[in-house]
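Worksheet: one structure, shown below.
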Amino acid sequence: MDYDTYGSTAVELAIELANTDREDPEWARAFLGSHDEWFTPGTSFELSPGEAHRAAVAADLIRAVALAESQPDVLTRLNELLALARPRPYATDHDGPLHLHYARPDAPALEQLTTTVAMGLSQVVVQHGWQRLGVCSAEGCDDVYVDTSRNASRRYCSNTCASRSTVAAYRARQKA
Ligand SMILES: [Zn+2]
Ligand SMILES: [Zn+2]
């Protein structure tokens with residue numbers, strides 16, 4: 001599986017958005033600021049309350065796609081997410097190799113965000129199957145992930161959760 005294309009790395013932005021803690025009311029601006037490499041330099045990260053709400057809706061929809069257990073559910077949720085996108089393909093070589101961006105470069109931050117995550121997620125679902133998305137099996141973690149392993153065997157969001165679960169299973173066996 002080739003995850004080297006922009007479409008595939010854009011799915012990582014989608015996963016990070018879905019897993020972002022939203023307790024802080026300023027979470028959306030903070031998320032944009034810590035992922036600024038995804039946005040046209042100079043884009044304002046000030047969001048109106050309505051825009052911040054739409055960022056949260058996008059995050060929930062990404063999670064809903066990852067949690068969906070049937071293709072009809074995936075399609076419904078993916079199309080709701082795509083409805084938030086305003087794709088206008090744009091070729092660029094800003095970081096070296098020529099590649100495509102999905103949003104117009106002068107779009108507001110929210111539009112760049114929703115377009116990039118919706119297109120990135122859809123591309124992976126269409127090319128590699130919705131079964132590639134999942135939710136972490138570790139106790140106390142509900143982060144979503146995209147499985148880029150060769151044999152689609154991933155069950156955890158991170159190495160941290162994987163080793164934590166291995167240790168927990170080992171201790172449980174020792175007790176038994
Ligand atoms: Zn780029
Ligand atoms: Zn986890």
Side-chain angles (χ1 to χ4, degrees), residues 1-24 27 31-45 55 58-69 81-82 84-124 126-127 130-149 151-172:
M1 189 177 319
D2 178 14
Y3 273 94
D4 287 336
T5 60
Y6 174 81
S8 308
T9 54
V11 75
E12 299 291 347
L13 183 68
I15 297 295
E16 281 172 34
L17 178 62
N19 290 336
T20 294
D21 186 87
R22 305 206 295 258
E23 238 164 78
D24 183 341
W27 74 272
F31 180 85
L32 297 174
S34 58
H35 295 81
D36 62 345
E37 73 275 15
W38 285 95
F39 301 87
T40 309
T43 303
S44 166
F45 293 156
D60 284 341
L61 283 170
I62 295 161
R63 174 169 294 273
V65 172
L67 292 175
E69 286 176 353
L81 180 64
L82 283 165
L84 301 175
R86 297 281 173 275
R88 208 219 62 189
Y90 170 70
T92 176
D93 60 358
H94 69 96
D95 58 0
L98 187 67
H99 61 284
L100 285 178
H101 281 188
Y102 298 123
R104 63 189 166 93
D106 55 345
L110 179 83
E111 188 177 318
Q112 291 185 47
L113 176 69
T114 54
T115 303
T116 304
V117 299
M119 297 300 289
L121 189 70
S122 310
Q123 189 118 345
V124 165
V126 167
Q127 287 181 354
W130 54 271
Q131 294 87 349
R132 287 275 172 178
L133 300 164
V135 62
C136 187
S137 311
E139 213 181 301
C141 180
D142 63 354
D143 279 3
V144 295
Y145 61 78
V146 57
D147 187 350
T148 56
S149 66
N151 52 359
S153 57
R154 187 162 163 182
R155 291 174 52 220
Y156 301 103
C157 71
S158 61
N159 288 336
T160 313
C161 275
S163 51
R164 197 159 57 83
S165 302
T166 311
V167 171
Y170 176 78
R171 294 222 177 102

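This one's a predicted model, so the numbers in the text were calculated from it and none came from an experiment. Ligands are counted one by one from 1 in listed order, and the atoms in each one are counted from 1 as well. All residue numbers in this chain count up from 1 along the given sequence.
For CZ of R22, the number of neighbouring non-hydrogen atoms (other residues, nucleotides, ligands) closer than 6.0 Å is greater than 12.
Distances from the Zn ion (ligand 1) to each N, O or S atom of H94 single out NE2 as the nearest.
Of all heavy-atom pairs spanning Q112 and W38, the tightest one is OE1-O, 4.1 Å. Nearest approach of V146 to R154, heavy atoms of both residues: O-NH1, 3.2 Å.
Salt-bridge annotation for R88 and D106: absent, with no side-chain N of the basic residue lying under 4.0 Å from a carboxylate O of the acidic one.
Vertex the Zn ion (ligand 1), arms ending at NE2 of H101 and NE2 of H99: the angle is 100° after rounding to 10 degrees. Between C157 atom SG and C161 atom SG, the angle centred on the Zn ion (ligand 2) amounts to 110° (nearest 10°).
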